[in-house]
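Working notes for the structure below.
Here the structure is a predicted model, which means the values were calculated and not measured. Letters A, B, ... are given to chains in the order of the sequence lines, protein chains preceding strands, and every chain is numbered from 1.
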Protein chains: 2
Amino acid sequence: MRGIARLAKELGISTGTVSRALNGKPDVNADTRQRVLDAARRIGYAPNQAARSLAQGQTSAVGFMVDLERESATSSDNFFMGVFDGVQSVLTEFGMDLLVMPCPSGQDHYSYLERFATRGVFDAVILASMQYNDRRVGLLQAANIPFVALGRSSMHSDYAWIDLDFVTSMVTAMERLVGLGHRRIAITCPKGDFNFGHIFLDTYKQELARYNISYDENLVYYVSRTEVSGYDVVDDLLKNDDPPTAILLIYELAAIGVYRRLREAGLEPGKDMAVIGFRDDPAIQFLEPSLTCFELELGGLGRKLGEAVLAQIPRFQNHFPDSHIEIIQPMELRPGDSDAFPPGIDQKIIRSS
Amino acid sequence: MRGIARLAKELGISTGTVSRALNGKPDVNADTRQRVLDAARRIGYAPNQAARSLAQGQTSAVGFMVDLERESATSSDNFFMGVFDGVQSVLTEFGMDLLVMPCPSGQDHYSYLERFATRGVFDAVILASMQYNDRRVGLLQAANIPFVALGRSSMHSDYAWIDLDFVTSMVTAMERLVGLGHRRIAITCPKGDFNFGHIFLDTYKQELARYNISYDENLVYYVSRTEVSGYDVVDDLLKNDDPPTAILLIYELAAIGVYRRLREAGLEPGKDMAVIGFRDDPAIQFLEPSLTCFELELGGLGRKLGEAVLAQIPRFQNHFPDSHIEIIQPMELRPGDSDAFPPGIDQKIIRSS
DNA sequence: ACAGCTACCGTAAGCGTTTACGATGCTATA
DNA sequence: TATAGCATCGTAAACGCTTACGGTAGCTGT
């Protein structure tokens, strides 16, 4: 005999009472409860999670799906680790646990999620790395599985999401650059069909229009999340007949490569070319000149995600009455010296390189 | 009626047969199996994992515990993401899934693991960030839960582990430095009671002895995993009456801060002070001069971990007969220019700074 | 003395699968 | 034709827990 039955037998009481005692249910005498608790600790009893889940119809776990293809081979990223921490801090308050589903790099997004989600492993899930048309949203909606997305899918509606405010960041960045006199502004977008890439580029175009700057597709690059990408982009840019005086980096890490290539060409970042990165990464804090970028507090973002996902679970409706969550998470400008210099008379003529 | 029962009813067969058909068991007619499979797909049936786990007494999941306290707030680290990928690739071949337990930064290591492990959520677990005396080993041993450790606990025995070869790396590093003429060699060790920190320092002392260099505790620093730590260490080192001509960095990221502080003092890394880092990180690939460090193939390490953990699970003994796993994973020297210059006549006199 | 309460506890039916065991009908063999 | 063997399937117990329901005992107030 194992588990709760053994406890019950040893104490000479029924399994029902043991269960009630263990779970803090009201209908149990204080003495009895203490005896049960003591005995449980003594023999090292812990309830079987599978049995609990089956009996209760809930798992007390939420799954966070991350895409290794995007995060692993790429360069440094403590982004998710920071977010996990925030999510956890909220979930534990409500007796929930966070478990991470790392989708292998070769695997298909959709089928990977399907395996876990439809088997009732999680009470709810958190999605990340959202694509422009992310079928996972439809999957979860159809299966009626509570979820929240970190990012958005443009082809779906009626789901909870929290997205980073790339729009305002872009507006701010463009305002700074144009204010400094820049008219030729290059941009790097994420490679792959990520939704935030579209937002990023669309807002860029919109701001160009606002300032009556014509859109030049030769200034648009699609890059992966490595510092090398910055190097290659600048390398290509230097061959341009009319090179830009500024560059916007969706992946701030690319600044490292940008700086490097510029200096190889005898140019100085921030002076000969303005550089602005989106999101700060610990790895770029040492850059000289300091990179102008946008700060994001990962723990706070994680906590919002945690609350959002709980709000999707029916039994938490009393705590989180509003499950309709659409949050645009602001990012705060952290001015650096990488865009401090206007394109002036002493700027080296990079078009002649 | 739900689940398998519904399927059975619709097809006019028993739940037993449905289960057998779904699970590829032999005792079922090919036609019947196809009918079951079709029906399952049609109504979008997926087996309930809790019920399966309960009935089978296994969960088909292995848990990988990571410590956010160590990984999150710290600077860049794609280490785990890379390892996850490797582990997965092995596990999926055997129908197992990887789930990550991110231990929150405030939480106690031990009790966090206890909650998951003893509840039968995982068939086996992988431990990381091993401490000198890591009580988690005892916990898992006592509960008879299969596991493998990435790293070692010095106070335990008879468990499977894979550790990085910091010994050979240290020997190699010291050989290089001493060969170049260095006699004053500083070292940074991990802050916290991590086992590899002890190995690192012990081997350092051992090598000093081999070369008849006296041990100077003023050259030993305990640091966290941030680039800032490198800055602070050098800052302190420069005040030393007899400053070192070389420094060994357990966290390669610290090289960034080291370079920065050296240059602020008008010194050149690799020329005025040799720098060697352990483990390569994508974030330091851009460093100039290139950092001498030790390469580690994360995917391969992950795959070994995956095989090791499967070997601990009884039902895989036919595939992995040897569960006694004690692997020292080599790291390959990647020579850079950061330790190319011997301390020579043209070296700046840093003791006077 | 009796109804009505409360506090506490036991009983047993689930939860959705898996799987040992036995039953059935059919084929092949003697 | 009898029988063994095989392919196929149904039956039902088991996995370990939760929880609705009912029962008992003691206590209250009239």
Close side-chain approach of Pro47(B) to Ile4(B), heavy-atom, < 4.5 Å: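 Counting from C-beta outward, Pro47(B) and Ile4(B) never come under 4.5 Å.
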
Could you tell me the separation between the [atom1] atom of [X] and the [atom2] atom of [N], rounded to a whole number of Å?
X: Arg2(A); N: dA14(D); atom1: CZ; atom2: C1'; answer: 13 Å
X: Asn48(A); N: dA14(D); atom1: CG; atom2: P; answer: 17 Å
X: Ile43(A); N: dG16(D); atom1: CD1; atom2: P; answer: 13 Å
X: Gln56(A); N: dT18(D); atom1: CD; atom2: P; answer: 6 Å
X: Ile4(A); N: dC15(D); atom1: CD1; atom2: P; answer: 14 Å
X: Leu7(A); N: dC17(D); atom1: CG; atom2: C1'; answer: 12 Å

Would you call the rings of Phe147(B) and Tyr159(B) parallel, tilted or perpendicular, where under 30° means parallel and over 60° means perpendicular? parallel

Using a distance-only test with no angle check, is there a side-chain donor-acceptor pair under 3.5 angstrom linking [X] and [Y]?
X: Glu93(A); Y: Ser89(A); result: no
X: Arg52(A); Y: Asn23(A); result: yes
X: Ser129(B); Y: Asp67(B); result: no
X: Arg136(A); Y: Gln131(A); result: no

Let me know, please, whether Ala51(B) or Thr17(A) comes out on the 5' side of the other along DNA chain D by nearest nucleotide.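 The answer here is Ala51(B).
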
Within the distance-only criterion (no hydrogens, no angle test), does the side chain of Asp123(A) pair as donor or acceptor with the backbone N or O of Ser60(A) below 3.5 angstrom?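 Indeed, once roles are kept as given, a pair shorter than 3.5 Å links the two residues.
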
Do any N or O atoms from the side chain of Asp85(A) and from the backbone of Pro104(B) form a donor-acceptor pair under 3.5 angstrom?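 Side chain of Asp85(A) to backbone of Pro104(B), a donor-acceptor pair under 3.5 Å: no, none is there.
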
Anything under 4.0 Å to a heavy atom of chain B counts; send over the first and last such nucleotide of DNA chain C, read 5' to 3'.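 Under 4.0 Å from chain B, the extent on DNA chain C is dG16(C) to dA20(C).
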
Between [Y] and [X], does any NZ, NE, NH1 or NH2 come within less than 4.0 Å of an OD or OE carboxylate oxygen?
X: Lys25(B); Y: Asp27(B); result: no
X: Arg152(A); Y: Asp134(A); result: no
X: Arg303(B); Y: Glu307(B); result: no

If you look at every strand shown and take non-hydrogen atoms under 4.0 Å, does Gly16(A) touch a base, only sugar-phosphate, or nothing?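 If one applies the 4.0 Å heavy-atom cut-off, Gly16(A) turns out to touch a base.
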
Which part of the nucleic acid, if any, lies within reach of Arg20(A) when heavy atoms closer than 4.0 Å are counted: base, sugar-phosphate only, or nothing? base

If you pin Leu54(B) and Val18(A) to their nearest nucleotides in DNA chain C, which one's is more 5'? Val18(A)

For the helix from dA1(C)-dT30(D) to dA30(C)-dT1(D), how many degrees between its two end axes (five pairs per end), to the nearest 10°?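 Comparing the axis at each end, I get an angle of 50°.
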
Quick one, which residues of residues 21-42 of chain B touch DNA chain D with a heavy atom under 4.0 Å? Asp27(B), Val28(B), Asn29(B), Thr32(B)

